[in-house]
Amino acid sequence: MNRQVKKAVLPVAGLGTRVLPAGKTTPKNLLNVVDRPILSYIVEEARAAGIEHLVFIVGRGQAAIEDYFDAIPEIEQALAAKGKIDILEDLRRDLPEPGQMSFIRQMAPLGLGHAVWCARHVVGDEPFAVMLPDMLMQADPPALVQAVEAYEKTGGNVVVVEPAPEGEAHKYGIVALEGRDGRLNRMVGMVEKPPPGTEPSNLFISGRYILQPEIFRILETQERGAGGEIQLTDGMVNLMKTQPFHALEYEGTTYDCGDKIGLLRANVAFALARPDLGDAARKAIGELL
Ligand code: G1P
């Protein structure tokens with residue numbers, strides 16, 4: 001049986017230049033989607049997939065992330081005193097059990113591969129998930145649940161992918177498949193930000209991974225790649241020499257919340273999907289159009 005995935009690494013240290021000025025004093029992954037920060041949805045997805053420990057890779061000025069996932073006694077007491085139990089329960093929904101979260105400083109913005117490597121001591125010698133929190137996925141079952149189910153079938157390493165919008169493949173990591181039969185296929189290659197016209201497929205790495213701990217040793221000595229950054233994709237290409245990788249085309253919709261229009265789309269889509277707000281949202285949007 002494949003070893004269970006119990007830890008998830010969430011690299012959140014990025015500067016968020018695409019969502020300035022909103023991201024100037026608020027960490028970009030705490031920006032709002034309907035009525036909760038993006039990270040709240042990501043943590044919910046992780047929990048649904050059986051993750052027991054979340055490892056945030058943070059940068060300077062991101063203490064608000066730790067505060068968000070902590071109790072806030074003065075507000076909680078005030079809500080309890082006023083009998084606003086539904087709001088209180090909604091507030092507590094996001095809280096982990098004490099000890100279920102770690103926060104690690106990346107200390108230098110050297111790239112995604114470097115961010116993941118920073119988690120090595122907390123993850124230890126077990127398979128783990130990586131979740132890129134900019135990429136908010138609306139899916140049932142949640143995207144990481146689909147990835148874990150795929151991993152239970154294949155073992156090794158699993159990378160969630162989806163078709164890139166026409167002409168945009170060069171912005172992402174792109175996978176090469178052995179063949180394409182259904183949604184779960186063996187991979188034979190990967191390339192980070194391929195020059196336009198050289199993409200090995202139209203499938204891009206969309207932000208959920210299940211990786212084996214051997215990746216850490218590879219990232220340790222890795223040279224800089226695309227954009228002068230230590231790329232996770234390059235590390236995975238190296239690990240692929242000794243371990244199987246599968247690409248899972250997940251079922252759902254991805255919103256890139258590191259982008260202004262992506263964040264707007266996420267707000268609309270998640271509001272429309274909410275049982276308590278969907279009708280009102282549909283009406284409000286209809287009026288605006
Ligand atoms: C990162 C990954 C890339 C992936 C992308 C998804 O790139 O390196 O492989 O396709 O996230 O958002 P970045 O967005 O940090 O340039």
Side-chain angles (χ1 to χ4, degrees), residues 8-20 23 27-29 31 38-39 41-42 45 56-59 106 108-119 129-139 143-144 147 157-177 187 189-196 198-211 215 218-219 222-240 245-250 252-263 265-266:
V9 177
L10 283 71
V12 295
L15 291 176
T17 37
R18 290 184 296 151
V19 287
L20 284 172
K28 64 173 174 170
N29 297 135
L31 292 177
I38 297 162
L39 274 179
Y41 298 89
I42 306 289
E45 179 187 332
F56 291 84
I57 311 300
V58 297
Q106 189 179 0
L110 296 179
L112 180 59
H114 178 259
V116 170
W117 176 73
C118 289
V130 174
M131 305 176 80
L132 306 187
D134 282 358
M135 303 304 255
L136 184 54
M137 295 173 173
Q138 198 173 35
L144 194 65
N157 302 265
V158 173
V159 178
V160 171
V161 300
E162 65 188 279
E166 189 70 35
E168 295 200 2
H170 65 282
K171 294 183 184 168
Y172 298 103
I174 302 292
V175 302
L177 304 179
M187 280 161 64
M190 248 177 289
V191 52
E192 185 64 25
K193 307 204 170 55
T198 68
E199 305 86 2
S201 77
N202 71 334
L203 295 175
F204 82 95
I205 298 169
S206 56
R208 303 291 184 269
Y209 314 69
I210 309 283
L211 297 174
I215 192 79
I218 292 172
L219 292 171
Q222 192 175 291
E223 308 266 311
R224 293 175 186 232
E229 296 186 349
I230 298 173
Q231 295 288 356
L232 180 60
T233 303
D234 296 344
M236 294 192 296
V237 168
N238 209 335
L239 186 56
M240 203 186 286
F245 271 75
H246 285 81
L248 171 71
E249 255 186 274
Y250 91 108
T253 310
T254 302
Y255 301 95
D256 180 359
C257 293
D259 170 84
K260 289 174 192 181
I261 296 298
L263 183 59
R265 285 168 60 91

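Order of listing sets the numbers, starting from 1, for every ligand and every atom in it. If you're wondering where the values come from, they're calculated on a predicted model, not measured in any experiment. Residues: numbered from 1 along the sequence shown.
- Side-chain contact check for Leu219 versus Val116: some heavy-atom pair is nearer than 4.5 Å.
- Counting only heavy atoms from C-beta outward, the side chains of Glu229 and His114 never approach each other to under 4.5 Å.
- Residues lining ligand 1 at a heavy-atom distance below 4.0 Å are given as Leu112, Leu132, Met135, Tyr172, Gly173, Glu192, Lys193, Ile205, Gln231, Thr233, ordered by chain and residue number.
- A donor atom on one side chain and an acceptor atom on the other are not found under 3.5 Å apart for Glu199 and His170.
- Under a 4.0 Å N-O distance rule, the pair Asp256/Arg18 qualifies as a salt bridge.
- Atom NZ of residue Lys28 and atom CG of residue Leu20 lie 10.0 Å apart, to the nearest 0.5 angstrom.
- No side-chain heavy atom of Ile205 sits less than 4.5 Å from a side-chain heavy atom of Ile174.
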